[in-house]
Amino acid sequence: SNDFRGSVTQGLALEVGETVQILEKCEGKSVYLRRCCVGGWKIQLFPASYVHLKKATVTNRGPNETVVPLEDPIVTEVTSTLQEWALLWKQLYVKHKVDLFYKVRHVMMELIDLRRQLLSGHLTQDQSRDVKRHITVRLDWGNEHLGLDLVPRKEFDMVDEDQISVSDLYKMVGSFRHSKRLFSLNTAALVFSSEKFMVRLNKNGGPKNPEKVDRLCALFTVTHTHTHTHIKCLKHKCLVQFKQNIRSYKRKEALPPGDGLRNEPGEDSVRIICLIREKNFLLICRCNNENEWYQIHENIIRKSSTKYTAPSTNYGLIISLQLLRGDMEQVRRENPLIFSKGVAITRKLGFPDVIMPGDIRNDLYLTLERGDFERGGKSVQKNIEVTVYVLYADGEILKDCISLGSGEPNVPEHRSFVLYHNNSPRWSEVIKLPIPIDRFRGSHLRFEFRHCSTKDKGEKKLFGFAFTPLMREDGTTLSDESHELYVYKVGHAACVCCCSVRLNVVFLVLIFQRSTKETFWISTQLSSTKLTQNVDLLALLKWKAHPDRVMDILGRLRHVSGEEIVKFLQDILDTLFSILDDNTDKYGPLVFQSLVFIINLLRDSKYFHFRPVMDTYIQKHFAGALAYKELIRCLKWYMDRSAEVVRQDHIQEAMRALEYLFKFIVQSRILYSRATCGMEEDQFRTSIQELFQSIRFVLSLDSRNSETLIFTQAALLNSFPAIFDELLQMFTVQEVAEFVRGTLGSMPSTVHIGQSMDVVKLQSIARTVDSRLFSFPESRRILLPVVLHHIHLHLRQQKELLICSGILSSIFSIIKASSLGEYVSCLLSLLRQMTDIHFQHLMENFQSKDELKEFFLKILCVFRNLMKLSIFPRDWNIMRLLTSNIILTTAQYLSPALHKNFTEAEFDFKVWNSYFSLAVLYINQPSLQLENLSPAKRKKVLDKYGDMRVMMTYELFSMWQNLGEIVSAHLGLVCSDICVSLCDLSCCCVCVQVEAELIDKLDSLVSEGKGDENYRELFSLLLEKIEQETWRETGISFVTSQHYVQILMAVTLHVHADVTMLVCFSSSQNFYKSEINKEEMYIRYIHKLCDMHLQAENYTEAAFTLLLYWELLHWDERPLKEFLHYPAQSEWHRKEGLCRKVIHYFNKGKCWEYGIPLCRELAFQYESLFDYQSLSWIRKMEAAYYDNIMEQQRLEPEFFRIGFYGRKFPFFLRNKEFVCRGHDYERLEAFQQRMLGEFPQAIAMQHPNQPDEAILQCDAQYLQIYAVTPVPDSIGVLQMDRVPDRIKSFYRVNNVRRFRYDRPFHKGPKDRDNEFKSLWIERTTLILTHPLPGISRWFEVEKRELVEVSPLENAISVVENKNQELRTLISQYQHKQLHGNINLLSMTLNGVIDAAVNGGIARYQEAFFDKEYISSHPEDTDKITQLKDLMQEQVHILGVGLAVHEKLVHPEMRPLHKKLIDQFQMMRSSLCHVSAGKQQ
């Protein structure tokens, strides 16, 4: 896999991954090929050993033919996509998008592996579908994050837009866009929803039962809302728990016989849990305290690492996982080998989401929760074991009715694990009781409690028992909840055995004594399709036992919970129809009402997924052959009464259930026909026709004055389209279409019946169009007239356009041989199917030239709007290309008619202007600029459509030539791609209007990146062609405005750079305000700049920017017109809204001090208007800002000075220096890297000295960056002792115009023993044009000041700053503003004291307190005294700091504290000596 350089004659250079078309092979050594390039096909050669041959087909033979490999289309797509991604992926690294770089690389490697799996050819169909699904998810993810086009798909393959209607393509792209699939690791909390799978292992890690070698398999069944999915094991959501005797590890003993997983009391035992991680290895975690075992899963989920021992990778369990899809029958059929191994079926804990007919189940899940027991006179607590039995009414212990988990046989009893010395054990053990249905009544559970002695392990003393029956006297089962059971004391085990025959309360009270202080809790959950816990439901299912109560039983069905009804859905339906068969006249209406109630219950979203259960019942289990007669009769009776009854709730419920009522009716009739060989067919058809007459009667009623009737009609219309498929089973397509036409035709033919009914009516029509009935041509001939009639009514009144567009789109999709987008797709579908004959016929139908002109203007206007990006989203490139192709074809059809009708007698300026504007706009479409596309994408477009710009240019040139001499009189038409067309300019009255229009157009064009250095010459050339000399001079003077064009060029050239774009826009908006007095454009640029700040999350700068507009407004009631996103409103309200927005941005930027004055301004306005509600709100906000200042932590930003030197920089940066306010947590290195990333050609200067003239004038880019310190103007606040540091912090770094940079240097000879004697500071102060923060993070340096600081003055400054730093830090610890860790205080104190002893202050003493220095510098006497005072102050501050440190220091850090105290004593003694010398 190497590249071929093609160095031989006529050789073709090849790169790995390229595709070539082979024309001829010569002697097995070389291959001739032909390859598409810009100039056409080239024939060249290359060695045969460099290529791998693949079968392919050639389509569209000719100069634009395409070679398509004969392989899976998705493999081809992956190949081309990876080639396209490769270039973009490398650019991510260049642009420092490291995170996305590694993500894309990971996805690309996954795609390569998935592609390899597809090419292997060893996958099953289901596996292949899964692989394709994973591939498409990753392809779509990568395309989205790399900014590539959306790829519409159908069954994982890309769709061919030539093989699908435009409407369907639009819908497909739209639906795909709104349902983008994301792939990520599921990190949701673990939820246990299945039974246990039990595995017994020996000490060697193998199965305890030798027969189960290679047979330890379990099938976990997991049911989702709409699908049944059975999987062999859950990879990320499976916890395996077990107990292990640790004694066997410690003493090298074998596990005790009988139960290798049971820990006996008194042994060293811990409980362990296996959590499935990545791959197929189970890591083992140990519970640190066995008493907390019941919540081990929650502790692992919450990552409470103190509750369990971290997993060890040295040992664990190895499993294999396999995902199986489908229902149980399908899984058994497709995977016979798995079931041949005796796989254990592990069912869901409780019922699945959907209970299918025939799924019989009768399981009771019992959870041993906890107990509270007495000590019983013992000195220590008991070791309690619980034994569970299931006993029948005769006292017999039911065998094999306790299941500890799938994979092991059922047992007659269950013994709980034992918690050592614990009288309040918590088990949370779950066992399953698969009790036969015939033995459930009369059975009860018995729980025996034994104390397991630690001395004699064979002794287990029975001290109590508890019991509970499983079924109540009324036939209902034990409820699903927690139950508290009485504990009865037992003297001897034989007593319990003797009393096992019949346990009742009276007998227990006589024989056994209840322990009042001991209780036992269990919880139960019943999963049964035959037993219920509801009395009313039980009475319905056993109605034959009480035939006299049937009426009452049916009436009480509505009070049964939905969960119980869906669980016993088949039994309930069988019961209802058996009651109906028993006495139709008596019970028919009540059975109908009950059936309607159940059907509507399944319409609830909670039970909607049970509808397949109902469908299965109707098709396979329903047996009511005579039911259809009563159902039709009741349904018709309800509809006929809709005009009379005031309360129509029961009628509306019947209308909502119409779909399933018809399913029952049709299936019942089918059963009856089978049984009677089609008898009474005519009567059935007559009854259906009468039923439809009632339906039409309901819809024809005038409902404008009856709200209840509106709801009834709406319910009927919503359900009506759902019955078509059922009717098609009994009637022909034409008969059903006639039924539907009559029904739709009965609806009022007006759009004034109410907006809600308009919507319902159209929605019903839309569902009719989308139904299977409408797909038949014979039905469309019947239904289309009435459908189009209703659509025409609404379109004419401009009502419900969104729904109408959807209906039209569906019609066009069927007829194929956001509301605007759907109308567009409908129009494009229509134009795509029109041929030259259709267009000729269309032109001939216009009665006058005015009508033809109106048509041309409208169609050209529509085409111009279609080419705007707002019609289709950015990544819908396939739709934009298809639209361009249809527009081009249509323009070619319309051109002859345009030339014929509008160039002879009178030249129609408006039509031609519209045509040429369309042509130029078409050519300049971004989607057609092939040079901006990647090579792979460019090849796809050329293969599919060619260069459509060239074809439109030919059309434009042809039409231009046809105009002949008319061109010279109207030259402006060709200039619309440069500036405003001259026809529009000729309409302007004065130069000001021309200037305004030029400004708007130039601003728009240059902002879009269409300007260059030759623009001014082009303007002058245009103006020479203009005949109106009255405004020529003014126009020329405007065009030659160097500054304006330069600013626009700057915006264009640098709008991509974060650094320069804000500077450019700031300059532009100032120009609009000051130089050309364009307030409207100035305000527009204010909002552009504000939006850019918001996009960059510069909220403080956004607030200052928006404040500029706020300052232009006044508090008066002058009306303002609609502008930008502002509605038409008074000036007062606009200023108020702006003020609130500015305050909000200051709040997000944490600059509350700037927002408070605005709050006061608003408060004054509200108070003057007595708007006390708003006044209260703004005062509360002001108070909240004061709280934020005192309570919330704010970071002090760093400031950086940056100089741009060299002629390669744009004019507004060239040889200028700025100060920038850095982002949060941004340090000098990060800022420097960001600047070099935005100017990759720039060279970083490594010194802070001012550059010389050679650097300033060179053709290169130099960046000089260093950090600067703000010099605040608000000195008064900073010098107040009582002002908290949180307040001072703001004034230190805000509203600052002066910044300082210090450069140390030595003047005179350097003292090697003490460099401080000759260490001077060159202090540079930079003064900005505006204070920071402001409307930009950057402001230019206006002035520089340079001073030199003497060594003594520098020492004073250093000590003073350090004192301030210490004072602030110690205050924060004193007032508990910094919690917990005192490392910062320790390090700071250690640094200051150590420096004072070994250097720093000690060096200052040597340098400046020396008698020789004092005598030789008498002018510094006051400064020396000031330095001594500062040193004494530092000693005092350090003393306070050490006192605080002593209170907070951890015992382990006491040695450090002692060291600090010792060094502090040395420091203080040396300074006391200095002080004594000072006093002398």
Side-chain angles (χ1 to χ4, degrees), residues 91-101 1049-1068 1089 1092-1093 1095-1098 1100-1102 1195-1252 1254-1270 1293 1296 1299-1303 1324 1326 1328-1330 1332-1342 1344:
Q91 292 300 316
L92 294 177
Y93 190 84
V94 175
K95 296 176 180 178
H96 303 288
K97 296 181 179 180
V98 180
D99 184 50
L100 184 57
F101 172 82
M1049 298 303 160
V1051 173
T1052 303
L1053 296 174
H1054 302 282
V1055 75
H1056 306 292
D1058 292 338
V1059 180
T1060 57
M1061 71 179 179
L1062 298 180
V1063 180
C1064 296
F1065 275 101
S1066 299
S1067 302
S1068 301
L1089 183 57
M1092 295 168 70
H1093 280 309
Q1095 187 177 2
E1097 297 185 358
N1098 299 333
T1100 302
E1101 287 72 20
L1195 299 174
E1196 291 189 6
E1198 290 200 15
F1199 296 87
F1200 309 101
R1201 178 266 184 194
I1202 178 170
F1204 301 87
Y1205 302 116
R1207 299 181 61 82
K1208 284 290 186 179
F1209 282 109
F1211 75 97
F1212 54 87
L1213 296 178
R1214 189 180 305 141
N1215 296 334
K1216 295 181 180 180
E1217 54 183 349
F1218 298 80
V1219 173
C1220 173
R1221 182 170 176 258
H1223 297 293
D1224 292 343
Y1225 302 104
E1226 189 174 39
R1227 297 296 178 256
L1228 179 60
E1229 295 79 11
F1231 178 80
Q1232 190 168 6
Q1233 288 299 320
R1234 179 156 65 94
M1235 293 301 100
L1236 291 174
E1238 296 197 14
F1239 299 94
Q1241 305 299 325
I1243 302 171
M1245 300 175 65
Q1246 302 301 324
H1247 60 81
N1249 301 330
Q1250 284 294 101
D1252 54 21
I1255 291 180
L1256 297 179
Q1257 300 302 326
C1258 69
D1259 288 329
Q1261 293 180 341
Y1262 287 89
L1263 288 177
Q1264 188 183 56
I1265 304 173
Y1266 49 79
V1268 293
T1269 305
V1293 295
V1296 182
F1299 295 83
R1300 188 177 68 199
Y1301 172 74
D1302 292 341
R1303 185 179 68 86
T1324 303
L1326 307 176
L1328 306 185
T1329 56
H1330 299 85
L1332 285 172
I1335 66 170
S1336 173
R1337 281 187 173 270
W1338 302 72
F1339 282 122
E1340 187 178 354
V1341 175
E1342 185 181 51
R1344 296 172 62 96

Visitor: Has the side chain of His1093 got a donor or acceptor atom that lies under 3.5 Å from a matching backbone atom of Arg1337?
Guide: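 Checked: no pair found.
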Visitor: Can you tell me how far the CH2 atom of Trp1338 sits from the CD atom of Glu1101, to the nearest 0.5 Å?
Guide: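 Trp1338 CH2 to Glu1101 CD: 12.0 Å, rounded to 0.5 Å.
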Visitor: Measure up the Phe1218 and Phe1204 rings against each other and bin them: parallel (under 30°), tilted (30 to 60°), perpendicular (over 60°).
Guide: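 Rings of Phe1218 and Phe1204: perpendicular, over 60°.
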Visitor: Glu1342 side chain to Glu1340 main-chain N or O, any donor-acceptor pair under 3.5 Å?
Guide: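 Pair absent, no side-chain N/O of Glu1342 close to backbone of Glu1340.
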Visitor: With rounding to the nearest 0.5 angstrom, report the CZ to NE2 distance, Arg1303 to His1247.
Guide: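 Rounded to the nearest 0.5 Å, the CZ-NE2 separation comes out at 11.0 Å.
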Visitor: Counting N and O atoms only, with roles assigned by atom type, does the side chain of Arg1214 sit under 3.5 Å from a partner on the main chain of Phe1209, one being a donor and the other an acceptor?
Guide: yes
Visitor: At what distance, to the nearest 0.5 angstrom, does CG of Asp1224 lie from CG of Leu1195?
Guide: 5.0 Å
Visitor: Please say whether more than 12 non-hydrogen atoms of neighbouring residues, nucleotides or ligands are located less than 6.0 Å from NZ in Lys1208.
Guide: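 For Lys1208, atom NZ is not crowded (no more than 12 foreign heavy atoms under 6.0 Å).
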Visitor: With sequence neighbours left out, write down each residue that passes side chain to side chain contact (heavy atoms under 4.5 Å, CB included) with Leu1228, or none if nothing qualifies.
Guide: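 Once residues adjacent in sequence are excluded, the partners of Leu1228 under the side chain to side chain contact (heavy atoms under 4.5 Å, CB included) criterion are Phe1200, Ile1265.
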Visitor: Should Leu1326 and Tyr1301 be marked as a side-chain contact (heavy atoms from CB on, under 4.5 Å) after you check the CA-CA gap, both sets of side-chain angles, and the distance that decides it?
Guide: CA-CA 8 Å; Leu1326 307 176; Tyr1301 172 74; 6.0 Å; no
Visitor: Taking the side chain as every heavy atom from C-beta outward, state whether Phe1299 and Val1341 have any atom pair closer than 4.5 Å.
Guide: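 Phe1299 vs Val1341: side chains apart.
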Visitor: Which residues pass the side chain to side chain contact (heavy atoms under 4.5 Å, CB included) test with Pro1197, sequence neighbours left out?
Guide: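 Here the qualifying residues are Phe1199, Arg1221, Val1293.
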Visitor: Test Met1245 against Ile1255 for side-chain contact (heavy atoms from CB on, under 4.5 Å), laying out the working first.
Guide: CA-CA 11 Å; Met1245 300 175 65; Ile1255 291 180; 4.0 Å; yes
Visitor: More than 12 heavy atoms of other residues, nucleotides or ligands under 6.0 Å from CD of Glu1097: yes or no?
Guide: no
Visitor: Determine whether a donor-acceptor pair (N or O, by modelled atom type, separation under 3.5 Å) exists between the side chain of Gln1264 and the backbone of Arg1201.
Guide: no
Visitor: Closest approach of Cys1220 and Leu1332, non-hydrogen atoms and distance?
Guide: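 Taking every non-hydrogen atom into account, C-CD1, 4.5 Å.
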Visitor: Could you tell me if the side chain of Phe101 sits less than 4.5 Å from the side chain of His96, heavy atoms only?
Guide: no
Visitor: Please find the pair of heavy atoms, one from Val1296 and one from Pro1270, that lie closest to each other, and give the distance.
Guide: CG1-CB, 3.8 Å
Visitor: Which residues satisfy the salt bridge (Lys or Arg N to Asp or Glu O under 4.0 Å) test with Arg1227, sequence neighbours excluded?
Guide: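 Partners of Arg1227 by the salt bridge (Lys or Arg N to Asp or Glu O under 4.0 Å) criterion, ordered by chain and then number, come out as Glu1198.
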Visitor: If you look at every heavy atom in Ala1242 and Leu1236, which pair is closest and at what distance?
Guide: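 Answer, listing the atom of Ala1242 first, then Leu1236: O-CD2, 4.1 Å.
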Visitor: Do you know which two heavy atoms are closest between Phe1339 and Leu1328, and how far apart they sit?
Guide: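 Phe1339 and Leu1328 have their closest heavy atoms at O-CD2, 3.9 Å.
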Visitor: Return the minimal non-hydrogen interatomic distance between Gly1222 and Glu1226, and the atom names on each side.
Guide: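 Closest approach of Gly1222 to Glu1226, heavy atoms only: CA-OE1, 3.6 Å.
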